[in-house]
Chemist: 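Here it is, the structure, as structure tokens.
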Amino acid sequence: MTTYKPLNRDQMAWRAAQDLQEGAYVNLGIGMPTRAASYVPDGREVIFHSENGILGLGPKPEPGTEDENLIDAGKNYTTLIKGGVFMHHADAFLMIRGKHLDVSLLGAFEVSEQGDLANWTTEDPSFPPGVGGAMDLAVGAKEIRVIMDHTDKSGQPRILNKCRLPLTAPGCVKRIYTNLAVIDVTEQGLFVREMVEGMTLEKLQELTEPKLQLANNWQALSPPAIAA
């Protein structure tokens, strides 16, 4: 019997943050991606951008230090690093559309094996759609990476041969971080770079619609213990 422990949301954000390069300009999408700002390795400078008009977004504030005038695009309390600036949100979008961002970390409902992204509506009338700046980011950022649960609440795959929900953009996703694995989207197919301890390729394949390939240099996905 396969036994494994899925990552919690902060562990997923931690894993995504480890791949952000020194000096990169990075947009953090609403939801799980905003947590990545708290997990950049010590000594590494990454400049976070938020489309509501912040360049130099810092980590989540300590309890009791929240500033009600300082929130990210998801309306979460945040902080500003030294040298950080505020701008009109039109200028924030100008940074996106002018292709000045190296990476955008986005949440997703579905991703296809071709890297198609669906992240703005579940078509559930009780769950209002909200595309936000995702369409701009999908074509404006130099690289799109996604953080999402590997399956939906009923256990059905969210990495699909073809997205069933309306697309945000086609062919834009390059890397997928899930609570079970790290997967690269390539022209040769989906390559599993990391899996949680106890997971096997066969079990992961059962939870994934497209065919998976195990990278030659794959590793165990072992984040530190972080309370969700």
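The analysis underlying the following values was restricted to heavy atoms, covering all of them including side chains, and did not include hydrogens, waters or symmetry mates. Nothing here was measured: the structure is a model prediction, and the numbers come from that model.
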Chemist: How long is the gap from OG1 on Thr121 to CG on Leu167, to the nearest 0.5 Å?
Modeler: 12.0 Å

Chemist: Checking His150 against Asn179 for the side-chain hydrogen bond (donor to acceptor under 3.5 Å, both in side chains) test, could you report, in this order, the C-alpha distance in whole Å, the side-chain angles of both residues, the deciding distance, and whether it holds?
Modeler: CA-CA 6 Å; His150 205 93; Asn179 52 345; 5.1 Å; no

Chemist: Passes side-chain hydrogen bond (donor to acceptor under 3.5 Å, both in side chains), Ser50 versus Asn52? Steps please.
Modeler: CA-CA 5 Å; Ser50 184; Asn52 64 324; 2.5 Å; yes

Chemist: What distance separates Thr208 OG1 from Leu190 CG, expressed to the nearest 0.5 Å?
Modeler: 8.0 Å

Chemist: Return the minimal non-hydrogen interatomic distance between Tyr39 and Trp14, and the atom names on each side.
Modeler: CB-CA, 3.7 Å

Chemist: Does either side chain, that of Asp152 or that of Ser154, offer a donor lying less than 3.5 Å from an acceptor on the other one?
Modeler: yes

Chemist: List the atom of His100, the atom of Leu94, and the distance in Å for their closest heavy-atom pair.
Modeler: CD2-O, 4.1 Å

Chemist: Determine, step by step, whether Arg9 and Asp149 satisfy the side-chain contact (heavy atoms from CB on, under 4.5 Å) criterion, reporting the C-alpha distance in whole Å, the side-chain angles of both residues, the deciding distance to 0.1 Å, and the verdict.
Modeler: CA-CA 9 Å; Arg9 290 175 172 255; Asp149 288 330; 3.7 Å; yes

Chemist: Do you reckon Leu70 sits in the same ILVMFWY cluster as Ile81, going by side-chain contacts under 4.5 Å, direct or chained?
Modeler: yes

Chemist: So do Val196 and Pro6 actually touch side chain to side chain, heavy atoms under 4.5 Å?
Modeler: no

Chemist: What's the separation between atom CD in Glu110 and atom CG in Leu160, rounded to the nearest 0.5 Å?
Modeler: 5.0 Å

Chemist: Tell me, with the steps shown, if Met95 and Met87 meet side-chain contact (heavy atoms from CB on, under 4.5 Å).
Modeler: CA-CA 11 Å; Met95 285 194 66; Met87 67 189 82; 4.1 Å; yes

Chemist: What pairs with Lys60 under salt bridge (Lys or Arg N to Asp or Glu O under 4.0 Å), at least two apart in sequence or on another chain?
Modeler: none

Chemist: So do Val146 and Tyr177 actually touch side chain to side chain, heavy atoms under 4.5 Å?
Modeler: no

Chemist: How many angstroms lie between CD in Glu194 and CD1 in Ile183, if you round to the nearest 0.5 Å?
Modeler: 11.0 Å

Chemist: Is any side-chain heavy atom of Thr34 closer than 4.5 Å to a side-chain heavy atom of Phe48?
Modeler: no

Chemist: Does the side chain of Val139 come within less than 4.5 Å of Cys172's, by heavy atoms?
Modeler: no

Chemist: How would you list, by chain and number, every residue that makes a salt bridge (Lys or Arg N to Asp or Glu O under 4.0 Å) with Asp72, sequence neighbours excluded?
Modeler: none

Chemist: For residues 211-227, please give each side-chain donor-acceptor pair under 3.5 Å, one per line with the distance, not counting sequence neighbours.
Modeler:
from   : atom 1 : to     : atom 2 : distance (Å)
Gln213 : NE2    : Gln188 : O      : 2.8
Ser222 : OG     : Glu197 : OE2    : 2.9

Chemist: So, His49 and Asn27: side-chain donor and acceptor under 3.5 Å apart, yes or no?
Modeler: yes

Chemist: When rounded to the nearest 0.5 angstrom, what is the spacing between CG in Leu207 and OG1 in Thr151?
Modeler: 6.5 Å

Chemist: Same cluster or not: are Val46 and Met12 linked, directly or through other Ile, Leu, Val, Met, Phe, Trp or Tyr residues, by side-chain heavy atoms under 4.5 angstrom apart?
Modeler: yes

Chemist: Using the test side chain to side chain contact (heavy atoms under 4.5 Å, CB included), find all partners of Glu22 that sit at least two apart in sequence or belong to another chain.
Modeler: Arg44, Glu45

Chemist: Hydrophobic clustering (ILVMFWY, side-chain heavy atoms < 4.5 Å, transitive) - are Tyr4 and Ile176 grouped together?
Modeler: yes

Chemist: Check Leu80 against Leu55 and note the closest heavy-atom contact, atom names and distance.
Modeler: CD1-O, 4.3 Å

Chemist: Side-chain contact, heavy-atom cut-off 4.5 Å: Phe109 with Met148?
Modeler: no

Chemist: Sequence neighbours excluded, which residues qualify as salt bridge (Lys or Arg N to Asp or Glu O under 4.0 Å) partners of Asp116?
Modeler: none

Chemist: To check you understand the geometry: which heavy-atom pair defines the closest contact between Pro210 and Asn161, and what is its length?
Modeler: CA-OD1, 3.1 Å

Chemist: Check for me, please, whether Phe191 and Leu204 land in the same ILVMFWY cluster - side-chain distances under 4.5 Å, paths through other members count.
Modeler: no

Chemist: Hey, is Asp10 close enough to Arg35 for a salt bridge, meaning N to O under 4.0 Å?
Modeler: yes

Chemist: Can you get from Ile71 to Ile30 by hopping between Ile, Leu, Val, Met, Phe, Trp and Tyr side chains that sit under 4.5 Å apart?
Modeler: no

Chemist: Does the pair Glu51 and Phe93 meet the rule for a side-chain contact (heavy atoms from CB on, under 4.5 Å), with working shown?
Modeler: CA-CA 6 Å; Glu51 62 259 38; Phe93 272 81; 3.7 Å; yes

Chemist: Could you pull out the closest heavy-atom pair between Gly107 and Pro33, with the gap in Å?
Modeler: N-CG, 3.6 Å

Chemist: Mind running side-chain contact (heavy atoms from CB on, under 4.5 Å) on Gln205 and Val192 for me, showing each step along the way?
Modeler: CA-CA 10 Å; Gln205 184 66 73; Val192 179; over 6 Å; no

Chemist: Does the Asp102 side chain pair with the main chain of Tyr25, one donor and one acceptor, at a distance under 3.5 Å?
Modeler: yes

Chemist: Please report the closest heavy-atom contact between Leu28 and Ala36, naming both atoms and the distance.
Modeler: CD2-CB, 4.2 Å

Chemist: Can you tell me if CD on Glu123 sees more than 12 non-hydrogen neighbours from other groups inside 6.0 Å?
Modeler: yes

Chemist: Run the salt bridge (Lys or Arg N to Asp or Glu O under 4.0 Å) test against Asp19 and tell me which residues pass, sequence neighbours left out.
Modeler: Arg15, Arg175

Chemist: Hey, what do you get for CZ (Arg158) to NZ (Lys153), rounding to the nearest 0.5 Å?
Modeler: 9.5 Å

Chemist: Check the surroundings of atom NZ in Lys5: do more than 12 heavy atoms from other residues, nucleotides or ligands lie under 6.0 Å from it?
Modeler: no

